[in-house]
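Structure first, commentary second.
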Protein chains: 2
Amino acid sequence: MIRCPKCQQVDAVTKAGIVRGKQRYFCKTCAAHFTLADTAPPAARSRHQVTIVDIARELGISKSTVSRALRGQSDIHPGTREAVMELAQQLDYQPNLLAYGLVKSQSNMVGMIVPEFRHYFFPEVIIGAQEVLQAAGYNLMICQSNESYQTEVANVKALMSSRVDGLLVSITSQTNNVEHFRALEKKGIPLVFFNRICPELDTHRVVVDDYAGAFRAVQHLIDQGYRRIAHIAGPPSLLVSRLRQQAYLDALEQAGIPFDPELLISYDLTDEKARIYARYLLDLPQPPEAIFAVNDPTAIQVILAAKARGICIPDELAVVGFSDDPISAIIEPGLTTVAQPVYEMGRTAARLFLETVGTQTAPTTRVLQTELIVRGSSSRKI
Amino acid sequence: MIRCPKCQQVDAVTKAGIVRGKQRYFCKTCAAHFTLADTAPPAARSRHQVTIVDIARELGISKSTVSRALRGQSDIHPGTREAVMELAQQLDYQPNLLAYGLVKSQSNMVGMIVPEFRHYFFPEVIIGAQEVLQAAGYNLMICQSNESYQTEVANVKALMSSRVDGLLVSITSQTNNVEHFRALEKKGIPLVFFNRICPELDTHRVVVDDYAGAFRAVQHLIDQGYRRIAHIAGPPSLLVSRLRQQAYLDALEQAGIPFDPELLISYDLTDEKARIYARYLLDLPQPPEAIFAVNDPTAIQVILAAKARGICIPDELAVVGFSDDPISAIIEPGLTTVAQPVYEMGRTAARLFLETVGTQTAPTTRVLQTELIVRGSSSRKI
DNA sequence: CTGTTAGCGCTTTCAC
DNA sequence: GTGAAAGCGCTAACAG
């Protein structure tokens, strides 16, 4: 029932052809033509974003038609499509993703949970992931768990509430209980772990050959003639820590070097603790000749502590890290480190999600390769 | 019209009291009791997330009541509330933010657009902003414009489509046209610029006292006895660049040092170009005695270039940067720099958004203070 | 205290 | 080709 904008009558109104894409009406009482645009409410509120209904009303067509035209569906009159497109452009129409998501029950967002992003590693992963995801029409929602299990659970909940289509996560060092991830699996939400994976969960994973990389690193120290080699490990709760530590132990054993428990330290990966343990090792009655650190931030703290004590690197102490943080090339001497393709790890995790979504793929593990970069901290020849 | 699950009849059904929070019905034909849960469809699809309707059906109450209970509204029977809460917990119910956003026309998300996040600065801002926002119940959606105007426009569109409640942005160096931001203003979407602001837009801003900080930096170089001082500036399109550059010029003039145009270079802030211009300056027939760089990444490239040429810092060349990137304290010699409260900048931008949203506040500019940190790159006394 | 109804903006049958 | 109607999950009047 169309109401005449002038006399407010309904019964006297009849259709009167289409002019410039708009349905016109005629009121027999007023003897005047009008379009639906004329019946529109006076001046929409400024907060109101333009919708397909606005376009439809203005053009005197149905919102279904507008919707179809906007999505470039085939069964649409070219003229109509053009009119819709033009008006949409003119009105700066932006589709409402919330509404879209509600009906399609997908949000075009993927969530990412990382323990921190102060250091080089995670931001770089994010860059890689975001690139791939954005190209595929997805947006990334990033959360920091701050190494807190509680926060991680809260993050998962928040991302679930936002109905993300998938999750890329690197767990905290405190994550013992993984029920919050199991819940995702049950709901069929693609889950990709990277770097810090959950061994007890059979999901997609992206890792590097941590064991091999670490083994090569320690091997390199041994080759350089160092025998008393310490290891500052990450928390044993993380698989990466355990793998790198095991590689350390195995490399020593293979070289026939007896393991000295005094030289193995596990810690929580905070910068303050790194400083403390670095000093502790250097102050040992019989200090190590070399230190293999679980990651570059740790190794850098070791170098700084050694320099503060006037210890000469690499003559009195060799240092090796893991990841090839850009600082490794800047600090003096340069830090020998096990480079991992961080950016590629982000891209791979994103791609794994993309492959999974829709077609339920079986859990896949992608292993990327590392490479030992030898710099001055472990070799005089550089 | 309630249908009996047994005989499929409608007319023979009557209400029969409430048992354990659930509305019970009685079918006169079958002479049997049942609840609405019994009439539920067989096994919901696994992809189906639990909704308030599921809870309502299970409990035999209306979804409005569930909605009210969940939100802890007052006019709710304690027993009902408890039953709802318990079932929600048990079913791992997560409210659908898309639906919520649709009806409230707010998404509880705020967008952030930064030119990059490879260096220290922007990730640190993000950390600060996210902390404040998360505490207020908002999620952050981060986009990188990669210094591309096109990408920035696309980012704005994408965030608008996601119906973010506000935007925190640092523009690209190529942003000349600001119509995409004007459109936001028109729609009444809170917009906060930080660090790289848009002078032509009258919005909220968070900046540091760039001019004062830069002036102090150059003044410091002059005080240390350096006279031939170069400046590697950022692109003139950015206000920060222009301010720091003007401070450089003014400090020279105030000290009566004639300005040598050969010693002023503007560049696009990419690492490669930084390297190139650093070498260029060092290779001048009459090279500068000191270089004030627009930011720390630039200054670090200068130090690396100088070291590669065997130039002694600070004896033959002094270097000063801007921002106090952590690398500044690690590189040798330590980089003198103008520290700015980066983390605080993120927090402030977020707070400004929070203050604005709802109550339309007049455009505010918050100016944070900088502090000169003197290290070895500009002073022998350190 | 609780249920009913309408509607947020969009897609998707099902008709014509 | 196009329109009408239903529905995604939720909140918000408006009745009782």
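Letters A, B, ... are given to chains in the order of the sequence lines, protein chains preceding strands, and every chain is numbered from 1.
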Option among B:Leu191, B:Thr361, B:Leu168 that satisfies the side chain to side chain contact (heavy atoms under 4.5 Å, CB included) test with B:His204: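 Option passing the side chain to side chain contact (heavy atoms under 4.5 Å, CB included) with B:His204: B:Thr361.
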Would you mind reading off the distance between [X] atom [atom1] and [N] atom [atom2], rounded to a whole angstrom?
{"X": "B:Asp75", "N": "C:dT2", "atom1": "CG", "atom2": "P", "result": "9 Å"}
{"X": "B:Gln73", "N": "C:dG3", "atom1": "CD", "atom2": "C1'", "result": "14 Å"}
{"X": "B:Leu97", "N": "D:dC8", "atom1": "CG", "atom2": "C1'", "result": "15 Å"}
{"X": "A:Ile61", "N": "D:dA4", "atom1": "CD1", "atom2": "C1'", "result": "14 Å"}
{"X": "B:Arg163", "N": "C:dG9", "atom1": "CZ", "atom2": "P", "result": "8 Å"}
{"X": "B:Arg71", "N": "D:dA12", "atom1": "CZ", "atom2": "C1'", "result": "8 Å"}
{"X": "A:Arg57", "N": "C:dG9", "atom1": "CZ", "atom2": "P", "result": "11 Å"}
{"X": "B:Leu70", "N": "D:dT11", "atom1": "CG", "atom2": "P", "result": "8 Å"}

By the side-chain hydrogen bond (donor to acceptor under 3.5 Å, both in side chains) test, which pairs, at least two apart or in different chains, include something from residues 130-141 of chain A?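 Pairs touching residues 130-141 of chain A that pass the test: A:Gln130-B:Gln144, A:Glu131-A:Tyr343, A:Glu131-A:Arg347.
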Report yes if some heavy atom in the side chain of B:Ile189 is under 4.5 Å from a heavy atom in the side chain of B:Met160; otherwise report no.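 Yes, their side chains come closer than 4.5 Å.
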Side-chain contact, heavy-atom cut-off 4.5 Å: A:Thr356 with A:Phe353?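 Sidechains of A:Phe353 and A:Thr356: no contact.
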Is the phosphate of [N] approached by [X] (side-chain N or O, under 4.0 Å from OP1 or OP2)?
{"X": "A:Ser105", "N": "D:dC8", "answer": "no"}
{"X": "B:Lys104", "N": "D:dA12", "answer": "yes"}
{"X": "B:Ser62", "N": "C:dG3", "answer": "yes"}
{"X": "A:Tyr93", "N": "C:dC10", "answer": "yes"}

Name the closest nucleotide to the [X] side chain, picking from [options].
{"X": "B:Pro78", "options": "C:dC10, D:dT11, C:dC1", "value": "C:dC1"}
{"X": "B:Val103", "options": "C:dT2, D:dC10, D:dG1", "value": "D:dC10"}
{"X": "B:Leu102", "options": "C:dA6, C:dT2, C:dC8", "value": "C:dC8"}

Nearest-nucleotide wise, let me know which of B:Ile76 and B:Ala99 is further upstream toward the 5' end of DNA chain C.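 Its nearest nucleotide being more 5', the pick is B:Ile76.
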Which residues pass the salt bridge (Lys or Arg N to Asp or Glu O under 4.0 Å) test with B:Arg68, not counting sequence neighbours?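 So B:Arg68 forms no salt bridge (Lys or Arg N to Asp or Glu O under 4.0 Å) with any residue.
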State whether the side chain of A:Arg71 and the backbone N or O of A:Ser67 hold a donor-acceptor pair below 3.5 Å, judged by distance alone.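 Yes.
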Is A:Lys186 salt-bridged to B:Asp92, going by a charged N under 4.0 Å from an acidic O?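 Salt bridge absent between A:Lys186 and B:Asp92.
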Could you go over nucleotides 13-16 of chain C and give all protein N or O partners under 3.5 Å, atom names and distances?
none

Position toward the 5' end of DNA chain D (nearest nucleotide), A:Lys63 or B:Thr51: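 Nearer the 5' end of the strand: A:Lys63.
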Describe the nucleic acid contact of A:Ile52 in one word from base, sugar-phosphate, nothing, applying a heavy-atom distance below 4.0 Å.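 Since a base atom lies under 4.0 Å of A:Ile52, the category is base.
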Over all atoms of both residues, closest heavy-atom pair of A:Leu102 and B:Ala99: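 Looking at all heavy atoms of both residues, the closest pair is CD1-CB, 3.8 Å.
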